[in-house]
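Notes follow the structure.
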Amino acid sequence: MIRLAPLVFLLFCQDPDIDALIKQLEDDSIEVREKAVAALIDLDDKAEQKVKARMASADGEVKRLCRRILEQLAVPKKLRGVLPPITRVTIDAKDRSVKEVLEEFQRQTRIPMKLRRAGESSITVRIQDAGPLEALNAICRAAKLGWDYPSEGFIRPMEPVARTEPRVPLLEGPEIQFEPGYYAERPRLFMRHYEVELHEIVLSRTNDFR
C-alpha cells in the first residue's frame with residue numbers, strides 16, 4: 001500500500017481530463033460547451049495539441065469552438081484578461097425566415113436582441129466563420145434590415161476601476177433593435193468585435209482669390 005501512495009497522489013493532482021472537456025464541446029447545452037471552452041483555455045499549453053487534433057477531424061459547431069480556443073491560446077496570458085474571446089459565426093440558411101436566422105445568430109453569439117420588428121420575410125444567406133458584427137451585417141443585408149443600438153446609455157465613459165473580467169460591449173450593452181427596409185449600403189470594415197463604417201464624406205475647397 002505504501003508503494004501505491006505516490007500513484008494515488010499523482011492521480012488526485014492531475015489536471016482535469018482534457019479528453020472529457022473536448023467531448024463536452026459536442027454537448028447540446030450551450031452552458032456546458034461554454035464551460036468546457038473556458039476550462040480548456042485555462043489549461044493553456046496542456047490542451048493545445050489535443051484541441052488541434054480534434055479540430056482537424058471536426059466540423060460545424062465543434063470546429064468553431066476548437067478554433068476559438070486555439071485563437072485564445074495564441075494570445076499571451078497577460079492579454080487574455082483584457083482581450084475578450086471572439087465568437088465566430090457559421091450559418092447556412094436557404095429560404096428561412098429572417099427571424100429564425102437571427103435566432104440562430106443569437107444562439108451562437110448570446111448577443112441580446114429585440115426581434116419584434118425583424119419581420120418574417122424569407123432570406124438565403126451563407127456565413128462561414130465570421131465575426132459577430134460581420135455575420136449580423138450579412139443577415140441584415142440579405143433581409144434589407146436596418147439595425148442599431150438605443151443611443152442612450154450604450155457609449156459609457158471608461159470605468160475608473162479595473163474589472164475582474166473583460167467587458168464585451170456586444171454582450172453587456174442594450175438589446176440590438178431592427179428596422180425593416182432601412183439597411184444602408186456603405187463601406188464597412190470588420191475586426192474582432194468591432195465595425196468601422198463610413199457615414200459621411202466631407203469635401204472642402206480653399207481659394208485665395210488670386
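Predicted model, so just to flag it, every value in this text is computed and none were measured. The first residue of the sequence shown is numbered 1, and numbering continues consecutively from there.
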Query raised in the report: Does any N or O in the side chain of Glu26 come within less than 3.5 Å of the main-chain N or O of Val62, such that one atom is a donor and the other an acceptor?
Result: no
Can [X] and [Y] be counted as an ion pair, charged N to O under 4.0 angstrom?
X	Y	answer
Glu71	Arg68	no
Glu61	Arg33	yes
Arg107	Glu103	no

Query raised in the report: Would one find more than 12 heavy atoms of other residues, nucleotides or ligands at under 6.0 Å from atom CZ of Arg126?
Result: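 It does not: Arg126 CZ has 12 such atoms or fewer within range.
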Query - Within 6.0 angstrom of Asp28 CG, more than 12 heavy atoms from elsewhere - result: no
Of the non-hydrogen atoms in [X] and [Y], which two are nearest, and what is the gap between them?
X	Y	result
Arg188	Glu197	NE-OE1, 2.8 Å
Arg88	Gln108	O-OE1, 3.9 Å
Pro132	Thr109	CB-CG2, 4.3 Å
Cys66	Met55	CB-CB, 3.6 Å
Ile22	Arg54	CG2-CG, 3.5 Å
Phe178	Ala118	CB-CA, 4.4 Å

Taking side chain as C-beta onward, heavy atoms only, is [X] less than 4.5 Å from [Y]?
X	Y	result
Ile127	Ile139	yes
Glu175	Met113	no
Leu21	Leu43	yes
Leu73	Asp45	no

Requested in this report: Any chance you could lay out the side-chain contact (heavy atoms from CB on, under 4.5 Å) test for Asp148 and Glu179, step after step, and finish with the verdict?
Outcome: CA-CA 8 Å; Asp148 203 355; Glu179 189 67 36; over 6 Å; no
Starting at [atom1] of [X], measure out to [atom2] of [Y] and round the result to the nearest 0.5 Å.
X	Y	atom1	atom2	answer
Arg67	Thr90	CZ	OG1	7.5 Å
Ile30	Arg110	CD1	CZ	8.0 Å
Glu134	Leu189	CD	CG	9.0 Å
Ile111	Leu133	CD1	CG	6.5 Å
Asp129	Ile91	CG	CD1	12.5 Å
Ile123	Lys144	CD1	NZ	11.5 Å

Query raised in the report: Do Leu198 and Leu203 belong to the same hydrophobic cluster, where Ile, Leu, Val, Met, Phe, Trp and Tyr are linked whenever their side-chain heavy atoms lie under 4.5 Å apart, directly or via other members?
Result: yes
Query raised in the report: If you group Ile, Leu, Val, Met, Phe, Trp and Tyr by side-chain heavy-atom gaps below 4.5 Å, do Tyr183 and Val125 land in one group?
Result: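 Different hydrophobic clusters.
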Taking only residues two or more places apart in sequence or in another chain, which ones pass side chain to side chain donor-acceptor pair (under 3.5 Å) with [X]?
X	answer
Arg141	Glu185
Ser29	none
Arg116	none

